[in-house]
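Written below as structure tokens is the structure these notes are about.
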Amino acid sequence: LKAYGEVLADPQKAEDFASIWISKEASCRDKAWKLLAMQEQSLASFASCAWFFDDIARIEPKNAMTFVLRTIELMRETGGPDCTGGFARALRGAKSNQEGCGTGEDVFAKEVLPRRNDPAALCLTVWLLLASAKRMPEPGRAELWDWPEVSVELCARTHLKDGIQEGEAVIRAGHAKSGQPFLWRVKAPSFTREPGRSFVPAAEAEIAVWPENGGEALAVSRRLGNLSQPLSDMLFSLWLENRERADEAQLQALAGHAASLLRPWQEGQRELIRPDLWIGFMPYMAVEYMMSETLSAEQRVQLEQLFSLHMNSRARELAGMLLRRQVLRALREAEQNGRRLNDALLASWIRRARCLMPDTDWWEVQNSVWRLGPERCPALAEALGFAPARGPV
């Protein structure tokens, strides 16, 4: 189990682990991965936060019950009994202090069971994530969405037409090579809204999924509006993030064009033309201010005046996130592809950001620099607060 912990920390070690500890027979190997995942989920249910607080209806006990639910699912898939009913009955003695929440059994039924990772919920989740990220493959090609405990490989058979699409899916548990094949048909939400055309809200997005070797009579349907609140919240947050990422490169290019056209304000001028268009654009202008090496001193002063007028705390937070993303991308390429890192340039970005947005959180960037090695980017490391490297004493 200790060696499996290293796989959880670094999935790249899975094959080395399997070569030592697991039989090479495919069916045995897949079952072993499920049993290991079952053990991990069982241990996760004993996280101290689940037992520290005084109410069974808090989020921490709900999360612990979710780990137990996944443990039971994996136990059933590997030939064990279905303990769902017995576990629910054991929760009857735990009564919530919140009016109307009932017992642990009630919380389990109302809040936890809807989180079940059935094939329909998994396929609908992955379809929406791929569609919102514009990663839905062309018919005949597959796309993989991988979580630590489960992966879904989705393949479209048809193009999306009149809001309907059909395809195939393979669902695998953990590091298992084989998986369960399914067929699916999705009723998609509307991705644009136009006057005079019907609009399908996300809550009505629906999928029907059935076993490939069965028949449509065995189909199970799930609707996004009926999925658990945490899952639907996560989905929509990622949907928004995908939309933002899709526009990021174009908006950053526009910021570069806008900054290059800046001129000092004339006497009496105190506002932009069409400020309504600029307010949401300010975070990208701030990133340009931090990243550009070609802006003149006068243009930088002009931008600082714009920021003082139009940059609220939310815009500064977004600008910090956008810059973090740029720095992390450069560090990742250096770490994974051996690409040369422009240390001085990245350090200049961080120094400007610290002046403009002193509250920006650099924790993730600092961790990436530590993994890469501060000695490979000493200027960036120093700008992020690392102590300067000392020579031999």
Looking only at heavy atoms, the pair that brings A203 and R223 closest together is O-CG, 2.9 Å
Inset, instruction - Please report the C-alpha distance between V150 and R172 in whole Å, then the side-chain angles of each, then the deciding distance to 0.1 Å, and finally whether the side chain to side chain contact (heavy atoms under 4.5 Å, CB included) criterion is met. - result: CA-CA 6 Å; V150 67; R172 300 179 180 88; over 6 Å; no
Is there a side chain to side chain contact (heavy atoms under 4.5 Å, CB included) between W349 and L380? Walk through the geometry before answering. CA-CA 9 Å; W349 295 358; L380 175 60; over 6 Å; no
Just so I know, are the side chains of T66 and R70 near enough to count as touching, which here means a heavy-atom distance under 4.5 Å?
no
Check the orientation of W278 and F281. Use parallel for under 30°, tilted for 30 to 60°, and perpendicular for over 60°. perpendicular
**Report entry** Verify same cluster id: V68, L113 (apolar side-chain graph, 4.5 Å)
**Finding:** yes
Heavy-atom closest pair (A120 atom, R222 atom, distance to 0.1 Å) is CB-CG, 3.3 Å
Could you tell me if the side chain of I22 sits less than 4.5 Å from the side chain of C28, heavy atoms only? no
Salt bridge present between R157 and E166 (N-O < 4.0 angstrom) = no
Nearest heavy-atom approach of P137 to A156 is O-CB, 4.0 Å
Rounded to the nearest 0.5 Å, the CE atom of M290 sits from the CG atom of L323 at a distance of 4.5 Å
inquiry  = Under 3.5 Å, is there a donor on one side chain and an acceptor on the other for R115 and N63?
reply    = yes
Checklist entry - Would you call F307 and Y289 a side-chain contact if the rule is heavy atoms closer than 4.5 Å? => result yes
Open item on the list: When you compare the side chains of D106 and T103, does any donor N or O come within less than 3.5 Å of an acceptor on the partner?
Closed with: yes
Please walk me through it: do R316 and T360 pass side chain to side chain contact (heavy atoms under 4.5 Å, CB included)?
CA-CA 8 Å; R316 292 175 191 275; T360 299; over 6 Å; no
query = Would you call W239 and L235 a side-chain contact if the rule is heavy atoms closer than 4.5 Å?
reply = no
Applied to residues 243-256, the side chain to side chain donor-acceptor pair (under 3.5 Å) test, sequence neighbours excluded, yields E241-R245, R243-D247, E244-R325, E248-R325
Value for CG (N226) from CD (E204), rounded to nearest 0.5 Å, stands at 10.5 Å
Checklist line | Non-hydrogen side-chain atoms of W147 and V126 separated by less than 4.5 Å | finding: yes
Note: L231 and L227 closest approach over all heavy atoms is CD2-CD1, 3.7 Å
So F386 and W370, would you call those rings parallel, tilted or perpendicular, with 30° and 60° as cut-offs? parallel
CZ (R376) and CZ (R340) are apart, to the nearest 0.5 Å, by 11.5 Å
Would you call L341 and L372 a side-chain contact if the rule is heavy atoms closer than 4.5 Å? yes
Note, P119 side chain near Q180 side chain (heavy atom, < 4.5 Å): no
message: What I'd like to find out is whether the side chain of V186 reaches to under 4.5 Å of the side chain of I207, using heavy atoms alone.
response: yes
May I ask you to decide whether E304 forms a salt bridge with R352, counting only side-chain N to carboxylate O separations under 4.0 Å?
no
Here the gap from L129 atom CG to E143 atom CD, rounded to the nearest 0.5 Å, amounts to 11.5 Å
Heavy-atom closest pair (A286 atom, M311 atom, distance to 0.1 Å) is CB-CE, 3.8 Å
Nearest heavy-atom contact between M65 and L91 is SD-CD1, 4.0 Å
Assign the ring pair F108 / F87 to parallel, tilted or perpendicular, where the plane angle (0 to 90°) is split at 30° and 60°.
-> perpendicular
Apply side chain to side chain contact (heavy atoms under 4.5 Å, CB included) to residues L154 and W145 and explain how you reach the verdict. CA-CA 8 Å; L154 221 59; W145 197 282; over 6 Å; no
